[in-house]
Amino acid sequence: MSNPPYTLKMTLVPKQRAKAGALNCLLFFDKGAMLASGGDDQYLRTWDVRSGNCHQELTDSRWGQITNLSLLESESSTDTPVLFVGTGRGFVSVYPWTKRNKQFMRHSGTSIHPFDANDAVETQVLDPLNSRFAVGSFRGSVKAYAVEDRKNLLLMYKVDIGGELPRHLIFLNENNDELRIHTLRGLTLRVDASTGVLKTPGPTLLSGIGSVAFSPDRRTKVVHNLTKDKFDIYHPSESPTPTTLTVSANSGKVKGVIFAESGNILVCGGDDGFMHVFDLSQGIEAPRQRHSGRVDCSTVVALATERKQSADKELELARQLENDRARKVAEEREVAERQAETEKTAKMDRDEQVARLSALVKRLYFLGIGVALFVLSLIVLFVLWRRRGGREAPESPAQ
């Protein structure tokens with residue numbers, strides 16, 4: 001008996017409105033409590049998800065439209081989340097997040113200009129495992145940077161992709177040792193993530209690429225097929241033959257897609273005002289969710305489900321417990337090392353004292369022998385002197 005189809009329970013929170021222009025990117029952060037947005041009005045905004053209030057606005061005259069947002073999560077209590085902002089004029093700005101004020105710190109941010117002012121940032125990706133950042137431009141340039149101190153970007157290499165337009169970047173394999181580039185024409189380029197050397201190309205996809213998404217375990221890939229205006233699911237991700245999902249649409253706009261619930265659920269948008277939810281475990285579509293009015297929701301997709309937030313909390317708790325255990329083990333090791341060092345020092349002190357005492361005894365011994373020999377010599381000399389003195393004494397004259 002098959003399981004019932006997945007039901008997505010949705011509650012509309014207060015709307016967040018930008019001032020003007022289209023939204024190009026959305027990003028949930030702070031455990032789903034905050035939302036960052038960027039668009040054609042050249043403003044980065046953060047929103048309180050529950051209240052719908054705009055919490056912060058950032059802009060830079062060098063940016064142009066905002067095209068990409070990526071977040072480098074904190075790995076420990078001492079780390080600060082960092083936001084990477086890709087822009088239409090080829091700039092990338094980096095801002096650390098302060099938990100106290102719940103704001104991105106404008107004056108602590110840094111910026112680089114990897115591309116010309118007329119060459120927009122098309123796609124970008126972070127490698128938190130190895131502290132790397134890769135970015136691709138509209139004119140077909142891909143560059144990789146080392147992230148130092150969680151905000152400074154140092155160029156590692158540039159990849160020549162023959163003028164292809166990079167639609168998607170991702171770090172793959174167990175240690176993120178490969179940078180995968182998907183181009184608009186459906187080409188798959190494989191790059192050594194450490195050196196930038198091109199490897200044997202991957203399989204060419206069946207169509208042009210509008211957008212690409214990978215499941216959390218990187219085993220499933222979903223591509224928006226620009227030719228058929230449908231979604232192709234490749235499982236495993238290197239499979240040559242996809243399964244196709246149909247999403248109602250009125251035009252061939254780029255459509256966003258994202259995985260949810262550990263990769264079992266796929267959420268995507270259409271320009272007909274509906275959000276589509278697919279249960280991949282059964283290959284069926286759950287009841288569609290209508291957006292407010294007939295609004296185009298095909299381009300931007302961001303997701304932070306309560307189940308995911310709960311899983312994130314459990315993961316955070318597990319990390320805290322693991323950190324506590326590691327800290328306890330480290331403290332016990334440190335105490336043991338200090339105790340061993342103390343015992344070693346005490347033993348060295350004892351050995352040194354014994355050595356000094358032994359040397360003193362030896363000196364006293366030889367000094368005693370010397371004194372005894374000296375006294376014996378005096379006694380012998382005295383006895384000899386007495387005997388000689390007795391023999392040489394003159395006799396008394398006769399009376």
Side-chain angles (χ1 to χ4, degrees), residues 72-82 94-101 105 107-110 126-133 144-157 171 173-177 192-195 312-395:
L72 182 60
E73 299 281 0
S74 57
E75 298 179 356
S76 67
S77 58
T78 58
D79 288 337
T80 300
V82 180
V94 183
Y95 294 104
W97 168 258
T98 170
K99 296 181 180 179
R100 177 179 299 178
N101 299 325
M105 295 181 282
H107 301 297
S108 298
T110 60
L126 281 162
D127 172 17
L129 184 63
N130 301 293
S131 297
R132 291 186 293 223
F133 173 74
Y145 293 82
V147 182
E148 291 195 350
D149 300 325
R150 298 184 66 81
K151 65 177 183 179
N152 297 318
L153 299 179
L154 302 179
L155 181 63
M156 297 174 60
Y157 53 82
F171 288 97
N173 297 340
E174 183 177 357
N175 297 315
N176 286 348
D177 57 6
D192 187 300
S194 298
T195 64
D312 289 342
K313 290 180 180 179
E314 292 178 0
L315 180 59
E316 182 180 3
L317 179 59
R319 286 178 177 174
Q320 290 178 352
L321 292 176
E322 183 64 27
N323 290 337
D324 291 341
R325 285 195 293 268
R327 184 165 53 251
K328 184 177 180 180
V329 170
E331 291 174 352
E332 291 176 350
R333 185 184 299 112
E334 185 178 356
V335 170
E337 290 176 353
R338 285 202 301 265
Q339 184 177 357
E341 186 66 24
T342 302
E343 292 177 354
K344 182 180 179 180
T345 303
K347 185 177 182 301
M348 291 176 62
D349 292 341
R350 288 196 300 270
D351 292 343
E352 185 177 358
Q353 291 176 1
V354 169
R356 289 179 179 178
L357 182 61
S358 176
L360 179 61
V361 169
K362 287 181 180 180
R363 286 196 294 270
L364 291 176
Y365 173 76
F366 287 113
L367 179 62
I369 292 177
V371 170
L373 291 174
F374 178 73
V375 172
L376 181 61
S377 299
L378 290 178
I379 293 173
V380 170
L381 291 173
F382 178 75
V383 170
L384 293 175
W385 179 79
R386 290 283 296 176
R387 288 180 179 179
R388 184 177 179 182
R391 290 195 299 269
E392 292 181 355
E395 294 181 358

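All values reported here derive from a predicted model rather than from experimental measurement.
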Is there a donor-acceptor contact under 3.5 Å from the side chain of [X] to the main chain of [Y]?
X: Asn173; Y: Asn175; value: no
X: Arg150; Y: Leu72; value: yes
X: Asp127; Y: Leu129; value: yes
X: Tyr145; Y: Asn152; value: no

Glu174 CD: over 12 foreign heavy atoms closer than 6.0 Å |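 Not more than 12 within 6.0 Å, no.
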Return yes when atom CZ of Arg338 has more than 12 non-hydrogen atoms of other residues, nucleotides or ligands closer than 6.0 Å, and no otherwise.
->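 Yes, CZ of Arg338 has more than 12 neighbouring heavy atoms, counting only those of other groups under 6.0 Å.
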What distance separates [X] [atom1] from [Y] [atom2], expressed to the nearest 0.5 Å?
X: Phe133; Y: Leu155; atom1: CZ; atom2: CG; answer: 12.0 Å
X: Ile369; Y: Leu376; atom1: CD1; atom2: CG; answer: 13.0 Å
X: Phe382; Y: Arg387; atom1: CZ; atom2: CZ; answer: 12.0 Å

Please report the shortest heavy-atom distance between [X] and [Y], naming the atom on each side.
X: Arg132; Y: Val147; value: C-CG2, 4.0 Å
X: Phe171; Y: Asn176; value: O-OD1, 3.6 Å
X: Pro81; Y: Lys99; value: CD-CE, 4.3 Å

For Arg350, all residues meeting salt bridge (Lys or Arg N to Asp or Glu O under 4.0 Å), sequence neighbours excluded |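 Arg350 satisfies salt bridge (Lys or Arg N to Asp or Glu O under 4.0 Å) with no other residue.
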Please lay out, stage by stage, how Glu352 and Arg356 fare under the test salt bridge (Lys or Arg N to Asp or Glu O under 4.0 Å).
-> CA-CA 6 Å; Glu352 185 177 358; Arg356 289 179 179 178; 2.6 Å; yes
Min side-chain heavy-atom separation Met348-Asp351 under 4.5 Å |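 They are not in side-chain contact.
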